[in-house]
Amino acid sequence: MSNSIEGKVVVITGASSGLGEATARLLSAEGAQVVLGARRLDRIQRLANDLSSPVGKALALATDVTQYDQVKNLVDAAVQAFGRIDVMINNAGLMPNSPLERLKIDDWNRMIDVNIKGVLYGIAAALPHMKRQKAGHIINVSSVAGHKIRPGNAVYAATKHAVRALSEGLRMEVKPYNIRTTVISPGAVATELPNSVTEPDVAESVHKIYEVAIPAESFARAVAFAISQPEEMDVNEIVFRPTRQDF
Ligand SMILES: NC(=O)c1ccc[n+]([C@@H]2O[C@H](COP(=O)([O-])OP(=O)(O)OC[C@H]3O[C@@H](n4cnc5c(N)ncnc54)[C@H](OP(=O)(O)O)[C@@H]3O)[C@@H](O)[C@H]2O)c1
């Protein structure tokens with residue numbers, strides 16, 4: 001695996017909007033071959049077409065990260081098309097926050113399925129290839145909510161704490177295979193994430209918090225920083241916030 005971004009094969013889940021899309025655009029501009037997964041195929045197909053012209057290479061595959069077979073298919077397609085997988089970015093996620101007493105059990109289940117199981121399935125899909133290659137980089141997306149809990153975001157925060165726990169366990173376990181691991185914890189970044197809130201009053205307070213949100217390219221630059229370090233350097237954890245964010 002080369003040290004720069006150029007030529008790296010990067011698989012991104014949740015690439016149809018927000019952080020995933022911005023990352024695909026930045027890494028592709030830096031010469032990476034990106035493989036895009038999300039449920040909205042029209043969006044990722046358009047993005048792949050954009051990124052594939054005039055140069056560059058991009059693939060798009062409809063992927064629901066709650067289905068292990070679909071995540072495996074995404075990663076296997078990357079390896080089949082480009083011969084390897086250098087970076088797996090487990091980014092897909094949602095944040096339908098609400099106070100626990102409202103018993104929004106469907107929302108809890110969706111967060112657990114996408115934010116935790118989706119990350120696990122991404123790890124499961126990429127790991128066998130990376131072990132064989134004796135190289136690779138797994139990037140998981142946590143959140144400031146993976147460090148701090150606030151009233152109304154207990155389940156989301158729990159899923160993002162879980163992502164940090166999984167990332168740290170993974171970091172130690174994959175040492176023998178020369179695999180790098182990074183967990184990135186963004187603060188408020190301007191994406192479609194607040195639209196996943198289902199409770200109107202909670203949505204209003206989330207939109208207030210997001211008044212200070214910074215552009216999605218901020219996340220993409222953090223990813224580019226981690227990926228572009230020399231292979232001997234493993235950037236394990238990045239936390240960033242808008243300068244104006246106070247929690
Ligand atoms: N924006 C922030 O302030 C912020 C802060 C901290 C952490 N994060 C984390 O960053 C990640 C990306 O979120 P975002 O801010 O970019 O929000 P976003 O614009 O809403 O993007 C979420 C992405 O996840 C995908 N997704 C949702 N459910 C999925 C499923 N079942 N299977 C496959 N893909 C699925 C969506 O694609 P489809 O709907 O097309 O499937 C979409 O591409 C999430 O993990 C989020 O928790 C965001």
Side-chain angles (χ1 to χ4, degrees), residues 11-26 34-48 60-75 89-97 106-107 109-122 125 139-148 150 153 155-164 166-167 182-198 203 206-220 222-223 238-242 244-245 247:
V11 178
I12 306 172
T13 67
S16 59
S17 69
L19 307 187
E21 177 182 346
T23 303
R25 289 190 185 280
L26 180 69
V34 292
V35 179
L36 315 173
R39 291 165 306 171
R40 288 170 293 180
L41 182 60
D42 54 331
R43 285 220 198 183
I44 50 174
Q45 193 58 69
R46 250 197 326 271
L47 179 58
L61 277 96
T63 309
D64 182 338
V65 298
T66 68
Q67 306 300 316
Y68 169 63
D69 288 353
Q70 294 186 25
V71 185
K72 183 176 185 312
N73 186 49
L74 174 73
V75 170
I89 306 181
N90 292 309
N91 165 71
L94 74 168
M95 187 185 69
N97 285 343
D106 286 348
D107 286 345
N109 282 333
R110 286 198 297 139
M111 283 190 273
I112 290 165
D113 287 347
V114 176
N115 299 2
I116 303 180
K117 289 187 188 171
V119 169
L120 277 170
Y121 294 160
I139 299 180
N140 296 328
V141 183
S142 177
S143 169
V144 163
H147 297 256
K148 290 193 167 186
R150 291 157 64 87
N153 85 347
V155 178
Y156 180 72
T159 65
K160 293 303 185 179
H161 276 73
V163 172
R164 288 183 60 220
L166 290 171
S167 301
T182 304
V183 59
I184 303 182
S185 298
V189 180
T191 68
E192 295 174 18
L193 194 69
N195 300 345
S196 65
V197 180
T198 56
V206 169
H207 283 294
K208 188 116 204 83
I209 289 170
Y210 273 73
E211 282 172 5
V212 301
I214 54 177
E217 291 68 35
S218 54
F219 174 83
V223 171
I238 297 175
V239 185
F240 75 92
R241 298 172 171 82
R244 292 170 61 211
Q245 182 174 326
F247 62 89

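The shown structure was predicted, so the numbers you read here are calculated from the model rather than taken from an experiment. One-based numbering, in listed order, for ligands and for the atoms of each. The analysis underlying the following values was restricted to heavy atoms, covering all of them including side chains, and did not include hydrogens, waters or symmetry mates.
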A.B. asks: Quick test: of every protein heavy atom, which one is nearest to atom 31 (N) of ligand 1, and how far off is it to 0.1 Å?
C.D. replies: Asp64 OD1, 3.0 Å
A.B. asks: Please identify each residue that fulfils side-chain contact (heavy atoms from CB on, under 4.5 Å) with Glu217, with sequence neighbours left out.
C.D. replies: Ala22, Pro215, Arg221
A.B. asks: I want to confirm something. Looking only at heavy atoms, which of Arg39, Arg241, Met95, Lys160 is nearest to atom 29 (C) of ligand 1?
C.D. replies: Arg39
A.B. asks: Measuring from non-hydrogen atoms of Ala213 to any atom of ligand 1, is the shortest distance under 4.0 Å?
C.D. replies: no
A.B. asks: Can you tell me if Arg244 has over 12 outside heavy atoms packed within less than 6.0 Å of its CZ?
C.D. replies: no
A.B. asks: Starting from atom 21 (O) of ligand 1, find the nearest protein heavy-atom neighbour and note its residue, name and distance.
C.D. replies: Ser17 OG, 3.1 Å
A.B. asks: Between Arg164 and Gly146 (side chain of the first, backbone of the second, donor and acceptor by atom type, cut-off under 3.5 Å), is there such a pair?
C.D. replies: yes
A.B. asks: Going by the order shown, which atoms of ligand 1 are within less than 4.0 Å of some heavy atom of Val114?
C.D. replies: 28 (N), 31 (N)
A.B. asks: For salt bridge (Lys or Arg N to Asp or Glu O under 4.0 Å), just list the numbers for Glu192 and Arg43, CA-CA rounded to whole Å, side-chain angles, deciding distance to a tenth of an Å, and then say yes or no.
C.D. replies: CA-CA 14 Å; Glu192 295 174 18; Arg43 285 220 198 183; 2.9 Å; yes
A.B. asks: To check your reading of the model: name the closest protein heavy atom to atom 8 (N) of ligand 1, its residue, and the distance in Å.
C.D. replies: Tyr156 OH, 3.7 Å
A.B. asks: Hey, is the main chain of Met95 close enough, under 3.5 Å, to the side chain of Ser196 for a donor-acceptor pair?
C.D. replies: yes
A.B. asks: Nearest non-hydrogen contact with atom 34 (N) of ligand 1 belongs to which option: Ala62, Ala92, Gly20?
C.D. replies: Ala92
A.B. asks: Among side-chain atoms of Asn140 and Asn90, is any donor-acceptor pair under 3.5 angstrom?
C.D. replies: yes
A.B. asks: With respect to Leu94, determine whether any N or O atom, backbone or side chain, lies less than 3.5 Å from an N or O atom of ligand 1.
C.D. replies: no
A.B. asks: Does a salt bridge link Arg110 with Asp113, judged by any charged N lying under 4.0 Å from a carboxylate O?
C.D. replies: no
A.B. asks: Could you name the option among Val189, Asn91, Asn115, Thr13 that has the heavy atom nearest to atom 11 (C) of ligand 1?
C.D. replies: Asn91
A.B. asks: Any nitrogen or oxygen of Val144 lying under 3.5 Å from a nitrogen or oxygen in ligand 1? Just yes or no.
C.D. replies: no
A.B. asks: Could you pull out the closest heavy-atom pair between Ile209 and Ala188, with the gap in Å?
C.D. replies: O-CB, 4.4 Å
A.B. asks: Considering only heavy atoms, which of Pro242, Gly146, Ser16, Gly18 lies nearest to atom 38 (P) of ligand 1?
C.D. replies: Ser16
A.B. asks: Counting only nitrogen or oxygen atoms and a 3.5 angstrom limit, does Ala38 reach ligand 1?
C.D. replies: no
A.B. asks: For atom 4 (C) of ligand 1, grab the closest protein heavy atom and report residue, atom and distance to one decimal in Å.
C.D. replies: Leu193 CD2, 3.7 Å
A.B. asks: Are any of the N/O atoms in Val141 less than 3.5 Å from those in ligand 1?
C.D. replies: no
A.B. asks: About how many Å separate NZ of Lys160 and CG of Asn115, when rounded to the nearest 0.5 Å?
C.D. replies: 4.5 Å
A.B. asks: So is Phe219 close enough to ligand 1, meaning a heavy atom under 4.0 angstrom away?
C.D. replies: no
A.B. asks: Using a strict 4.0 Å cut-off to heavy atoms of Thr63, name the atoms of ligand 1 that fall inside it.
C.D. replies: 32 (N), 33 (C)
A.B. asks: What do you reckon, does Leu19 have a nitrogen or oxygen under 3.5 Å from a nitrogen or oxygen of ligand 1?
C.D. replies: yes
A.B. asks: Check each heavy atom of Ser142 against ligand 1 and say whether those closer than 4.0 Å belong to the side chain, the backbone, both or neither.
C.D. replies: backbone
A.B. asks: Who's closest to atom 5 (C) of ligand 1 heavy-atom-wise, of Gly187, Ser218, Ser143, Ala188?
C.D. replies: Gly187
A.B. asks: If you apply the rule side chain to side chain contact (heavy atoms under 4.5 Å, CB included), what do you find for Val65 with Tyr121, and how did you get there?
C.D. replies: CA-CA 7 Å; Val65 298; Tyr121 294 160; 5.8 Å; no
A.B. asks: Looking only at protein heavy atoms, identify the closest one to atom 32 (N) of ligand 1 and say how far it is in Å.
C.D. replies: Val65 N, 2.9 Å
A.B. asks: If you take all heavy atoms of Ala125 and Lys72, which pair is closest and at what distance?
C.D. replies: CB-CA, 3.7 Å
A.B. asks: Give every residue pair that meets the salt bridge (Lys or Arg N to Asp or Glu O under 4.0 Å) criterion with at least one member in residues 61-71, sequence neighbours excluded.
C.D. replies: none
A.B. asks: Which residue owns the protein heavy atom closest to atom 17 (O) of ligand 1, what's the atom, and how far is it?
C.D. replies: Thr191 OG1, 3.4 Å
A.B. asks: Please say whether Glu192 places an N or O atom under 3.5 Å from an N or O atom belonging to ligand 1.
C.D. replies: yes
A.B. asks: Could you check whether any side-chain N or O of Thr66 sits under 3.5 Å from a backbone N or O of Val114, counting only pairs where one atom can act as donor and the other as acceptor?
C.D. replies: no
A.B. asks: Val212 and Pro242: which non-hydrogen atoms are nearest, and at how many Å?
C.D. replies: O-CB, 3.3 Å
A.B. asks: For Ala216, is the nearest heavy atom under 4.0 Å from an atom of ligand 1?
C.D. replies: no
A.B. asks: Heavy atoms only: which of Ala22, Ser196, Pro186 is nearest to atom 6 (C) of ligand 1?
C.D. replies: Pro186
A.B. asks: Quick one: look up the protein heavy atom nearest atom 25 (C) of ligand 1 and list residue, atom name and how far away it is.
C.D. replies: Gly14 CA, 3.6 Å
A.B. asks: Without swapping roles, check the side chain of Asn91 against the backbone of Gly14 for a donor-acceptor pair under 3.5 Å.
C.D. replies: yes
A.B. asks: In the protein, what heavy atom is nearest to atom 22 (C) of ligand 1, and what distance, to one decimal place, separates them?
C.D. replies: Gly93 O, 3.6 Å
